[in-house]
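These values consider heavy atoms only, across backbone and side chains, with no hydrogens, waters or symmetry-generated copies. We count ligands from 1, going down the list as the structure has it; atoms in each ligand are counted the same way.
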Amino acid sequence: MRTPILAGNWKMYKTVGEAVELVEGLLAGLEHGAAGREVVVCPPFTALYPLSALLAETPIALGAQDMYPEVQGAFTGAISPVMLKDVGCRYVIIGHSERRQLFGETDESVNRKLKAALAHGLKPIMCVGESKPQRDSGQAEPVVVGQVRAGLEGLTAEQMQSLVIAYEPIWAIGTGDTATPADAQAMHAAIRATLVELYGSEVAEGLRLQYGGSVKPDNIDELMAQPDIDGALVGGAALKADSFLRIVKFQ
Ligand code: 13P
């Protein structure tokens with residue numbers, strides 16, 4: 001049984017004060033716990049420390065949106081996995097398409113970051129997804145499967161137990177244009193089949209696959225009803241307590 005994992009990727013939104021306010025709203029809505037769901041918020045770096053105190057001993061885990069794959073050193077502007085652990089992060093998003101498109105991330109840098117995150121006890125959420133032209137030309141599945149294979153290069157079956165994979169079609173991010181539940185399910189099944197091939201069925205069946213891209217209160221139930229969708233990585237709809245709580249409480 002895979003525990004559903006609902007994560008909010010806040011991207012470059014929320015000052016410290018706004019972040020505290022949002023988390024207080026979420027905690028109020030989850031005062032009776034999260035009923036067998038895992039809930040994660042990934043605020044900007046600046047809000048991690050103040051939120052970690054608020055989130056201690058609550059049903060909400062803390063995650064970061066990126067990290068640099070070194071422990072420390074002369075890497076101006078970068079944040080290390082050790083620093084993320086130190087401020088209470090349990091998760092870290094790796095290889096989001098915005099990082100790939102705007103900050104030059106590649107499958108190779110994603111692979112390095114996954115290894116560094118795992119080496120320091122963080123659970124990575126590895127993002128994969130195709131662009132609109134890739135989907136329109138029938139390349140969606142080979143592109144995504146290729147990202148999965150390259151990103152996971154050299155990872156052991158044991159390390160895979162700490163990993164989450166998020167399928168986020170680029171054309172669905174921030175557009176209101178969600179993949180249909182059937183299309184998302186088909187890609188998740190292809191990812192899981194690749195994991196079976198790489199690691200065997202026990203590891204593949206235990207690994208959680210999130211869908212991301214215009215997840216909203218009005219489409220979460222249908223998405224979560226798909227057999228290979230085990231959670232969501234939510235952008236815009238995670239920025240308001242009401243909508244994220246409705247997503248967490250999917251039926
Ligand atoms: P939206 O939910 O705003 O489409 O963003 C999805 C996303 O990129 C989450 O990582």
| said: Is there a path of hydrophobic side-chain contacts, each under 4.5 Å between heavy atoms of I/L/V/M/F/W/Y residues, joining I191 to L114? | reply: yes
| message | H120: which residues meet the ring pair (Phe, Tyr, Trp, His ring centres under 6.0 Å) condition with it, sequence neighbours left out? | response | none
| said: Which residues pass the ring pair (Phe, Tyr, Trp, His ring centres under 6.0 Å) test with F244, not counting sequence neighbours? | reply: none
| query | Charged N to carboxylate O below 4.0 Å: is that the case for E105 and R99? | reply | yes
| message | Once side-chain hydrogen bond (donor to acceptor under 3.5 Å, both in side chains) is applied, do any residues pair with T15, and if so which ones, sequence neighbours excluded? | response | E18
Ligand 1: protein N/O within less than 3.5 Å of ligand N/O:
from     : atom 1 : to   : atom 2 : distance (Å)
ligand 1 : 2 (O)  : G235 : N      : 2.9
ligand 1 : 3 (O)  : G236 : N      : 2.8
ligand 1 : 4 (O)  : G174 : N      : 2.6
ligand 1 : 4 (O)  : S214 : N      : 2.7
ligand 1 : 5 (O)  : K11  : NZ     : 3.3
ligand 1 : 8 (O)  : K11  : NZ     : 2.8
ligand 1 : 8 (O)  : H96  : NE2    : 2.8
ligand 1 : 8 (O)  : E168 : OE1    : 3.4
ligand 1 : 10 (O) : N9   : ND2    : 3.0
ligand 1 : 10 (O) : H96  : NE2    : 2.9
ligand 1 : 10 (O) : E168 : OE1    : 3.2
ligand 1 : 10 (O) : E168 : OE2    : 2.9

| said: Could you check whether Y167 and Q147, counting side-chain N and O atoms only, form a donor-acceptor pair closer than 3.5 Å? | reply: no
